[in-house]
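Worth knowing before you read on, the calculation uses all heavy atoms, side chains too, and leaves out hydrogens, waters and symmetry mates. Labels below follow one simple rule: chain letters A, B, ... track the order of the sequence lines, proteins then strands, and each chain is numbered from 1.
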Protein chains: 2
Amino acid sequence: MKPIKFSVAREKLEQDILDAAKRLFAQRGYGGVSLDHIAKAVGASKQNLLYYFPSKEALYRRVLHGVLDVWLSYMDALSQRPDDPEQALREYIAGKLRFSREHPDDSRVYANEVISGAPIFAAEIAERVIPSVQADVAIFNRWAECGLCRQVDGRHLMVLLWASTQVYADWSSQISLVLGKQELDEADFAAAESLIVDMVLRTVLLPSRPDHGDATP
Amino acid sequence: MKPIKFSVAREKLEQDILDAAKRLFAQRGYGGVSLDHIAKAVGASKQNLLYYFPSKEALYRRVLHGVLDVWLSYMDALSQRPDDPEQALREYIAGKLRFSREHPDDSRVYANEVISGAPIFAAEIAERVIPSVQADVAIFNRWAECGLCRQVDGRHLMVLLWASTQVYADWSSQISLVLGKQELDEADFAAAESLIVDMVLRTVLLPSRPDHGDATP
DNA sequence: GTCTATAGCCCGATAGAC
DNA sequence: GTCTATCGGGCTATAGAC
């Protein structure tokens with residue numbers, strides 16, 4: 001009984017540490033955060049924190065691992081509707097924008113690591129993210145081959161989808177200034193979604209022509 | 001004569017320090033870089049560096065100031081062709097992509113500062129960037145009013161233009177992984193430009209109809 | 001598991017010789 | 001202008017009492 005109770009308390013503190021570390025890493029980057037900052041944010045001592053995590057870098061890796069889990073969980077939307085490009089892209093964009101809205105710190109930690117050249121996580125990105133992206137690109141190319149959508153470079157399209165959705169998390173401070181408000185609200189995200197969906201569908205979908213099947217030589 | 005010679009040498013070292021600091025701040029963020037790192041990168045001592053700049057934060061501000069100059073110098077393309085939306089947008093996108101290709105570290109320093117919530121540069125961004133953006137948005141709205149382009153939210157369009165172009169500097173490490181090469185080359189930037197221009201023009205330009213003036217009720 | 005104590009190093013910044 | 005020397009403090013991490 002006691003071990004269970006202890007274990008629960010232990011896991012709660014461990015999770016609190018990971019959450020606080022994520023928030024601080026997102027804001028100031030790896031080098032801008034000390035173990036003392038994180039410890040104080042959860043009301044513990046730095047030494048206690050080092051009891052749960054063997055080193056600062058190990059803690060950072062755990063944070064990044066969790067961030068990658070969340071990032072990838074919003075990325076499988078394309079494969080959900082393998083025969084309907086329009087609906088698949090609508091859901092993909094909506095999902096990635098929901099990620100930016102619901103998990104801005106995850107987005108920022110990931111962005112910080114990528115901007116730095118992914119010094120610590122290049123291997124994990126190559127193993128987990130790239131295959132996921134390539135799967136999406138493959139789905140895209142199949143649509144184009146089947147005549148379900150226009151021929152566009154799926155790899156650059158994926159880049160554009162990340163960029164246009166994650167910017168609403170990573171750049172929210174500057175976007176708020178542009179929009180003249182303290183922070184982004186639901187209406188702003190709805191406006192963003194509307195524009196991005198409009199752009200992507202105009203680019204990717206074939207011009208509707210239910211009568212004829214071929215236009216270019 | 002001597003004062004001039006000294007002055008020249010002084011300005012050269014000062015510029016070397018700023019360049020090295022920019023590169024390191026881009027890679028590791030403000031907190032991840034020490035004065036010693038920067039000093040060693042230019043072959044000087046940390047004390048000597050503090051002779052040229054009164055403090056680390058003052059040096060960072062000088063770097064950010066220069067970054068903002070470059071960033072803004074690529075942003076006035078819209079006003080150059082106030083009567084030709086298509087050409088103006090083509091040049092704006094090409095210019096911002098050239099910025100990402102020619103000044104990736106400037107882009108990353110700026111991105112790092114914005115992701116952190118612009119703790120140091122919020123005031124300067126509000127004073128210099130926001131008016132520039134609002135000028136672009138105003139040009140855009142005028143085009144829409146004059147019937148030169150479709151009615152889209154100029155503010156979100158500007159966000160999308162930054163995001164889709166800067167991502168090729170800030171996220172180059174991950175994009176390289178996706179494209180399966182060591183670093184991005186001219187052809188990759190050309191492909192990006194082609195896709196972004198295509199998307200934006202499809203979204204913004206009116207459907208060509210030289211015969212009639214109204215389609216929607 | 002959490003505490004105090006501390007090792008050993010790196011940090012930004014200053015003082016003063018030359 | 002550049003140097004050596006150094007201050008005072010923060011840093012990661014470890015040791016050991018309880």
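Lys181(B) NZ: more than 12 foreign heavy atoms inside a 6.0 Å radius.
With hydrogens and angles ignored, the 3.5 Å screen pairs no side-chain donor or acceptor of Asp36(A) with any backbone N or O of Ala39(A). Not a single donor-acceptor pair under 3.5 Å links the side chain of Lys40(A) to the backbone N or O of Ser45(A).
Here the P atom of nucleotide dC11(D) and the CD1 atom of Ile38(A) are 11 Å apart, to the nearest Å. Rounded to an integer number of Å, the gap from OH of Tyr51(B) to C1' of dT4(D) is 17 Å. Here the P atom of nucleotide dT4(C) and the CG atom of Leu49(A) are 16 Å apart, to the nearest Å. Taking atom CG of residue Asp16(B) and atom P of nucleotide dG1(D), one finds them 15 Å apart after rounding to whole Å. Atom CG of Asn48(A) is separated from atom C1' of dC3(C) by 9 Å (rounded to the nearest Å). Put simply, CZ on Arg10(B) is 9 Å from P on dT2(D), counting in whole angstrom units.
Contact check, Tyr52(B) against dT2(D): a side-chain N or O comes under 4.0 Å of OP1 or OP2. Phosphate proximity of dT2(C) to Ser45(A): absent, as no side-chain N or O sits under 4.0 Å from OP1 or OP2.
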Summarise how protein sits on nucleotides 7-14 of chain C as a single string, 5' to 3': B when a protein heavy atom is under 4.0 Å from the base, S for sugar-phosphate-only contact, - for no contact.
----SBBB

Apply salt bridge (charged side-chain N to carboxylate O under 4.0 Å, His left out) to residues Arg155(B) and Asp136(B) and explain how you reach the verdict.
CA-CA 9 Å; Arg155(B) 302 167 307 168; Asp136(B) 286 338; over 6 Å; no

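Residues from residues 20-27 of chain B placing a heavy atom under 4.0 Å of any atom in DNA chain C do not occur.
Legend: residues meeting salt bridge (Lys or Arg N to Asp or Glu O under 4.0 Å) with Arg101(A), ordered by chain and number and at least two apart, are absent.
With rounding to the nearest 0.5 angstrom, the CD1 atom of Ile175(A) is 9.0 Å from the CG atom of Asp188(A).
Lys96(B) forms no cation-pi arrangement with Tyr168(B), by the criterion of a distance under 6.0 Å to the ring centre and an angle within 45° of the ring axis.
Under the 4.0 Å criterion applied to side-chain N and carboxylate O atoms, Arg62(A) and Glu14(A) are assigned as salt-bridge partners.
The two residues Leu160(A) and Ser164(B) make their nearest non-hydrogen contact at CG-CB, 4.1 Å.
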